[in-house]
Amino acid sequence: VPGPPGVLRIEEIGDTWVRLLWSKAADHNSPILYYTIQTRHFWALNEDDWRNASTSPVVSPTDVAGYGGRNGEIIITWNPVQPWYFYGKKFGYIVAFKPHDAYDWWYETISDPETRRYVHRDSYFIPTEEDFQVREFQVKIKSFNVKGDGPYSLTKVIYYPRDEPPTDVYARPVSSTEAVVWWLPVVDTGTGLQQYIEGYQVRKKTGYIYGKVYITGWHFMDFPMPQFGDYELMVRGRYEGGDGPVRMISIKGKHQYNKRLFNMPLVVLLLTSVMLFLL
């Protein structure tokens, strides 16, 4: 068994490296093949915190996640690697991603070690009718420095939801000044689609004039009745990447309902007169 190395000496110290020298250990008639150098963080307290030094990274980013945005955007997020695991200069990340059914990966190099988010836009990524409600993507990230690449993180599956409008939008007056509007919420297909929906947007449109935007987390809302004429309501989901497609519904103005109520006694009177005439 060889003996321990001799006196250790540090000759140079850089931002993320040191030049370490030592004298040869006694081989005890058994040739020494290599030395193992271990390091640990200055504030480490446990013996298990010692790690073998390496010229290339040995730690990959954690908590890799992501979601589909708007117009073909893929948003990928992660927790950066701590500086004491850089193990060299020019530290950065390589982000790899691809559609679930594709063979080739897309690669993007990130040179800032503190970056924790990357956005890639490609119209090819937008889900089609063949993708039903969502399109699946695989994502993985590894770190690198001037000496080489580290291992990839575990592959994460993320989803790009196909924009769907709320269904069965319905409205009816509850008084002469107010109507209630409700709709079926966007359904979850079992892939976590609903986690991308932040709420719903309701907006009034009269001809070419757009009114105030109302935001709600529910699938119903009380709305003021128009004073004159009719108007349309636009209901859409609000996703993490933006607003979804619109579902429209028309609401009659108050005068329509008032006119209907005003004419009702006249209709009853006419029917009564006709019956009396026939008798």
Side-chain angles (χ1 to χ4, degrees), residues 2-25 32-69 72-100 102-122 125 136-160 240-241:
V7 177
L8 299 177
R9 185 173 76 255
I10 296 177
E11 280 197 345
E12 298 179 62
I13 300 177
D15 294 335
T16 58
W17 58 273
V18 297
R19 183 183 299 277
L20 181 65
L21 301 178
W22 62 89
S23 58
K24 183 179 179 181
I32 297 175
L33 300 179
Y34 60 89
Y35 293 91
T36 299
I37 301 173
Q38 292 187 314
T39 63
R40 69 176 181 179
H41 188 254
F42 180 79
W43 300 108
L45 300 176
N46 300 322
E47 190 67 25
D48 294 339
D49 290 331
W50 286 100
R51 300 176 182 272
N52 291 345
S54 175
T55 56
S56 59
V58 296
V59 176
S60 57
T62 59
D63 295 334
V64 177
Y67 55 91
E73 285 186 347
I74 292 293
I75 296 92
I76 302 171
T77 61
W78 64 90
N79 279 340
V81 175
Q82 297 296 329
W84 48 85
Y85 293 126
F86 288 179
Y87 294 146
K89 295 182 178 180
K90 297 182 179 180
F91 186 90
Y93 306 103
I94 296 176
V95 180
F97 52 96
K98 72 179 184 70
H100 184 72
Y103 180 77
D104 295 325
W105 290 82
W106 277 263
Y107 299 94
E108 185 67 30
T109 300
I110 309 296
S111 58
D112 184 356
E114 296 183 359
T115 300
R116 57 180 65 237
R117 185 175 185 269
Y118 170 69
V119 179
H120 183 88
R121 175 177 290 179
D122 193 322
F125 293 162
E136 296 184 9
F137 288 82
Q138 295 179 348
V139 178
K140 59 183 179 180
I141 305 175
K142 67 179 178 180
S143 53
F144 69 90
N145 62 19
V146 69
K147 294 294 185 180
D149 297 349
Y152 271 111
S153 65
L154 295 177
T155 300
K156 175 73 174 181
V157 176
I158 65 176
Y159 302 100
Y160 193 126
E240 292 184 12

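Below, each value reflects all heavy atoms present in this structure, side chains not excepted, and no hydrogens, waters or symmetry copies. Computed from a predicted structure; not experimentally measured.
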Is a side-chain N or O of Tyr93 found less than 3.5 angstrom from the main chain of Pro113, in a donor-acceptor match?
yes
Please check if the side chain of Asp63 supplies one atom and the backbone of Asn79 the other of a donor-acceptor pair under 3.5 Å.
no
Heavy-atom closest pair, residues Ser23 and Val7
OG-N, 3.5 Å
Could you check whether the rings of Tyr118 and His120 sit parallel, tilted or perpendicular, using 30° and 60° as the cut-offs?
tilted
Show the nearest heavy-atom pair for residues Phe144 and Asp149, with the distance to one decimal.
CB-OD1, 3.2 Å
Ile158 vs Phe97, side chain to side chain contact (heavy atoms under 4.5 Å, CB included): CA-CA, chis, key distance, verdict:
CA-CA 10 Å; Ile158 65 176; Phe97 52 96; over 6 Å; no
Nearest 0.5 Å please: distance from the CD1 atom of Ile10 over to the CG atom of Leu20.
6.0 Å
In this structure, are over 12 heavy atoms from other groups packed under 6.0 Å from Leu21 atom CG?
yes
Under 4.5 Å between any side-chain heavy atoms of Val139 and Trp78, yes or no?
no
Output, in order, the C-alpha distance, side-chain angles, deciding distance and verdict of side chain to side chain contact (heavy atoms under 4.5 Å, CB included) for Ile141 and Ile76.
CA-CA 10 Å; Ile141 305 175; Ile76 302 171; 4.1 Å; yes
Asn145 versus Ser56: any side-chain heavy-atom pair under 4.5 Å?
yes
Let's go through Trp105 and Tyr103 carefully: what are the C-alpha distance in whole Å and the side-chain angles of both, what is the deciding distance for side chain to side chain contact (heavy atoms under 4.5 Å, CB included) to 0.1 Å, and is it a yes or a no?
CA-CA 7 Å; Trp105 290 82; Tyr103 180 77; over 6 Å; no
From Lys98 NZ over to Gln138 CD, what is the distance, rounded to the nearest 0.5 angstrom?
4.0 Å
Glu114 atom CD: more than 12 heavy-atom contacts under 6.0 Å:
no
Point-to-point distance, once rounded to the nearest 0.5 Å, from OG1 of Thr62 to CD of Gln82
8.5 Å
Atom of Pro57, atom of Gly148 and distance for their closest heavy-atom approach:
CD-O, 3.5 Å
Identify the heavy atoms of Ser143 and Ser60 that sit nearest to each other, and give their distance.
OG-CA, 4.5 Å
Determine, stepwise, if the pair Arg117 / Ile75 fulfils side chain to side chain contact (heavy atoms under 4.5 Å, CB included).
CA-CA 7 Å; Arg117 185 175 185 269; Ile75 296 92; 3.7 Å; yes
Compare every heavy atom of Tyr85 with every heavy atom of Phe91, then report the nearest pair and how far apart it is.
CE1-O, 4.2 Å
Taking atom NZ as the centre, does Lys156 end up with more than 12 heavy-atom neighbours from other residues, nucleotides or ligands that are less than 6.0 angstrom away?
no
Between Tyr35 and Ala25 the two heavy atoms that sit nearest each other are OH-N, 3.4 Å
